Structures are given as structure tokens and as C-alpha cells.
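A, B, ... follow the sequence lines: proteins, then strands. Residue 1 opens every chain. Fair warning: this is a prediction, and the values are worked out from it, not measured in the lab.
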There are 2 protein chains.
Amino acid sequence: MKTKQDTLYVGSLAKGLRLLRAFDEGHTDLSLSELAQRTGLDKSATQRLANTLHVEGMLDKDPATRRFRPSHAWLQLAYAYYWSDPLIGQAMPKLINLSQELGETVNLAEISGDHIIYVSRLPCKRTYFAATIIGRRLPALSTSGGRAMIATFPEDERRHAIETWPITPFTPSTTLDRALIATSIDDAARDGFAVSTGQMILNEIGVASPIIGHDGRACAAVQCSVSAHTWTRERIVAEILPKLQDTANAISPAFRAHRAGWD
Amino acid sequence: MKTKQDTLYVGSLAKGLRLLRAFDEGHTDLSLSELAQRTGLDKSATQRLANTLHVEGMLDKDPATRRFRPSHAWLQLAYAYYWSDPLIGQAMPKLINLSQELGETVNLAEISGDHIIYVSRLPCKRTYFAATIIGRRLPALSTSGGRAMIATFPEDERRHAIETWPITPFTPSTTLDRALIATSIDDAARDGFAVSTGQMILNEIGVASPIIGHDGRACAAVQCSVSAHTWTRERIVAEILPKLQDTANAISPAFRAHRAGWD
DNA sequence: CGTTGACGTATCATATTATGATACGTATAA
DNA sequence: TTATACGTATCATAATATGATACGTCAACG
């Protein structure tokens, strides 16, 4: 990996990207000062970079409050991403079928370092907002999708992930004990699917089945989230799992040959 | 608007953004040379900027082919966008209900200059890929959503849009005659909804109802696309339209007070 | 098998370009 | 009114991006 003092490294561009990344769920619109504060850049630099992003259409600016916001261009980037990811095109029609058959929310998650990221979501029921939008990153160890994927890794990688990947306590019932997670992943390796309960929000049950890539490793998972108020683990395994696994298995072969070793 | 030779304009950042925008549906992964060609930058600049984007995690790079691809970070930007757009949070639960009631694909479109952009899509049926992913921009005049929105504009703006906004012939039946489009928009102004047939793909009927913002102007629309093989205009008006309009009308008041004059 | 060309990579002297301290104008609150 | 915080504008300085150039590798071709 290149160091940041390299002659092949353009500092101004990197700083501009920091402005973009300053926006997140807790920071939906930012003033110039807030932007400077969050990026650690000084006021002048922030001013110039923010203005550039505004002129280039990457940031909207409220003329009254002078606050900046992500622009529609951010969605256009997502659009380009969707075309570039070979998995999406293969998976989308099958996911639509699945969500119609189940009548429950269906997600497609990919591994992204030690997190999973939701790349497609088909909400069928009212849930909390964050569960309805794409691009959300969650610690892989705390999600059914992440566990389903890790379960397909070779022994040493799997152990390394279980021991070192991050866990954030989202709810009181988020599993912090890595031994318990190891058990859950062992189960997933044996059964071919993973389950998580109450990891991200209370009374939520997630079940996921891996999409196997070119080398036997999963790089994605089909996942389904249901409420513990209306579902039991037994009913999930009986009614949801078969169709979920069929879908994941149908996507896997279509996906092979694509996506070798991008880093 | 600032000129590009301003001291408040950081050229390197703008050039970096051009690399990002070089990716689209027809260009899912690009080599260094292709990147240089598409951006008009010389080889050295492209090399440095692409390397920076790679180091910063904005571009993935295939170690074998040395080709660049959008990274998961592009979806994270979309995630941030969703939180920042006040309309989304209001609309999402209502859109989910609507799609469940109708059993047909439901979209949320916003106006973006002279185009519309799909910010949320809830596909229920198998359709072509581009119709299932967010961030797609289409000429406003050729879409039911765009027409529904334009119909809410004051007379002069409406006429200006009809006369000057772009039209791209996507299908043989795309309406190129602006007088016909004017009629369609007049109808929409009278009826409170707009219809389009075969504009983007053949045998597709779109129907849309505007979401009215703070000043009586629409800045978004709820839209539904169905197949002409299974639907007639009459049945659409009878069965789909009432629920579609209810949804749009339910979103409008919740949305007011937000989103003043961002540019 | 050697040649050619296309491409990705690396280097470096030059001056273009970003820098950030500073000062100004304005709105809000004390 | 005064004080404070913020967005905006300017400018001399030097840090940083520039792009011409050269090198290494691979594949196609004669």
C-alpha cells in the first residue's frame, strides 16, 4: 500500500473526500464550521474544498442558512456502483421473487472488510428507517449475514475474524461474548445458514444464507429480518429458510466466474 | 455561481470527481488508460488521482487486470444521502404500504434540474435491471413523475420546461412532439396525476401523483409502473390511482416545512 | 522467436496551485 | 450596544501538483 506522502498521492483530493465522509446519519447537513471541525481541516481549506464540491454539484447549499447537504449526485454514484457490481444483476430478480413469496423484508449483504454492507433491500413491512435504506454497514460478527459468510471461510481465517473483528453493542442483547458467536458460526458452517437474534434491534430475528463465490468462500448473503413477536425460530426454519436457501443457491452459480480478487 | 478560475476552487478535487463520474452503466470498470481517455486528463494526472482514490477506499482495483471499479464507499454515500433528504424518512413507510397494497412496483422520484431522479424503488415484479435500482436520472418530460411535477409549476415555468427541457428518444414510441407533452401536462394539472405510455420501454405505463412542497410546487412524485399487457388505462385509474394519490397526499403535509430553497 | 505496441509504473525539475493567516461583513445573542 | 460566532474574501508564500520522460511487463504479431 502506498503511503500518504507518496508523489502519487494528491492530498487535495483526499481532503475533499473527507468532506464527503463527514456526512452520515447523525450529520445530515453541516455548516462550514462544523465541516471544518469534523474533518480536522482549517477554515480556509474547508471553505475552498466545500465551494469546489458545491460548484461541481456534489454538495447542495441552502442559500439562507449556508449549510451544506449531500446532493443527488450521491445517488448517481450508487447507480454506477450497481452496474459495476456483477452480483447485483444476478441477484435482483431472484430477490424480488423471494420477497414476494415470503412477504417479509429481504436483504442482500456483501462483506466489506470486517463489516457487512447492505447492497439491496426489499422492505415489505414497516420497520425502522435504517433498515429500509441501502449502504448501511454493520459489524459482520453481529449480523446473520456476516456469520453466514464467515462460516464459509477456512478455519484460520474464521478464527481470526471471530477473535479480532469489531463488535458494537447496539442493544442490551447484542452478543459481546465471542465464544457464543463462535458457536453460532460453527452452527452456520454445519447447517448452511445463520441466525441472529436481537443484535441490532430488540425482538428482531435475522436469518441468512451465503452466496458462494468462485473459491468456495462466501462474499455475500441473502438475509431476511422478521419480528420475534410474530415468528419463532422453528417457524422461520420451516417456512422461510427453504426459500431463502433456494434463492441463495440459485444466485451462487450465476455469480461464479465473476469477481476474482478485487481489493 | 463561482467561476472555475476562482481562488476558492480546488482543481485537483474537481479532477478527482471527474474520475468518479467516469463510471456509469456502460463503464462498469475502467483501466487507467480508459480513465484518462474518458476524463480528458493526461496519463500522469489520472495515475495520481486514481491511486489516491484507491488508497482512500473510493475505488477498488483488481490486482490482476489493474482495472478500477466503484467501491462499497459509493453505497455509503447513498446511505448518508438518505438521512439528509427529509422527504425520504417521511415517504418510506407509506411507500412500503402502497407497494404491498398494489402488488406493483412503486417509485419515489425527485426533480433534479430538468431530469427526475429515482430516490427510492420498491420493485414487486420482475422488470429490467435499470428499473430496480436507485439513482437513475431520466428526462422529466418523458416520465409520468416529471409531468406530474411540472404540472404544479406556475404557468411560465411550466411553459419554459415544456419548450426547453431535453427529450431523449429511448423507444420508437417516445413522444418527441412537445405539443403532445404539453397536453399531457395540462391534463395532469387538471386531474392531479400524470400518465406516460411507452416512453422509456415499450408496453410500459407509468402513472404518477405529485408530492406538494412548501410553496405549492411539487418537488417529488410517487410513481407506479405497470405493463400494458396486463393493465389498461381505465383499470389503472380505477384501481391504482386512488391509493397512489392517497399516498402522495399523505406524504405532502408531513413533508412541508422542510426543504426550503436548496440549490 | 524476436519485434512491436499498449499499458501500468516510477521519477523529477518546474511553476502552477493550494495554503492558511488575516481582515471584513453580517447575523444572533448577551 | 457590545460581543461572539460564522461565512466570505484577499494575498504573499512555499508546498504541492504537474506532465514530460523513461522503465518494465505483457500480449499480439510477423
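When the P atom of dC7(C) is taken as reference, atom CG of N51(B) falls 19 Å away, rounded to whole Å. Counting to the nearest Å, the C1' atom of dA27(C) and the CZ atom of R67(A) are 15 Å from each other. If you take CG of L30(B) and P of dC7(C), they are 13 Å apart, rounded to a whole angstrom. A straight line from CD of Q47(A) to P of dT19(C) spans 12 Å, rounded to a whole angstrom. Distance, K43(B) NZ to dA20(D) P: 11 Å, rounded to whole Å. Protein atom CG of L8(B) is 18 Å distant from nucleotide atom P of dC24(C), rounded to whole Å. For L49(B) and dT9(C), the CG to P distance is 14 Å, given to the nearest whole Å. At whole-Å resolution of the value, CZ in R66(B) and C1' in dG8(C) are 7 Å apart.
Using a 4.0 Å cut-off between charged side-chain N and carboxylate O, E163(B) and R159(B) make a salt bridge.
Side-chain atoms of R18(B) come within 3.5 Å of backbone N or O of T39(B) as a donor-acceptor pair.
Contact annotation: the side chain of F129(A) approaches that of I88(B) to within less than 4.5 Å [non-hydrogen atoms, C-beta and beyond]. Counting heavy atoms from C-beta outward, L17(A) and L53(B) have side chains that approach closer than 4.5 Å.
Between R48(B) and V10(A), the shortest heavy-atom distance links the atoms CB-CG2, 3.8 Å.
When the nucleotides dG8(C), dG19(D), dT8(D) are ranked by their closest atom to the side chain of L32(A), dT8(D) comes out on top. Listed candidates were dA23(C), dT21(D), dG8(C). Nearest to the side chain of S44(B) is dT21(D).
Checking E34(A) against H27(A) by side-chain atom types alone, no donor-acceptor pair falls below 3.5 Å.
For dA6(C), the OP1/OP2 oxygens have no side-chain nitrogen or oxygen of S33(B) closer than 4.0 Å.
Applying the side-chain contact (heavy atoms from CB on, under 4.5 Å) test to N249(A) and every residue at least two apart in sequence or in another chain returns Q245(A).
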Under-3.5 Å N/O pairs linking protein and nucleotides 15-18 of chain C:
unit_1  : atom_1 : unit_2 : atom_2 : d
dA18(C) : OP1    : G11(B) : N      : 2.8
dA18(C) : OP1    : S12(B) : N      : 3.2

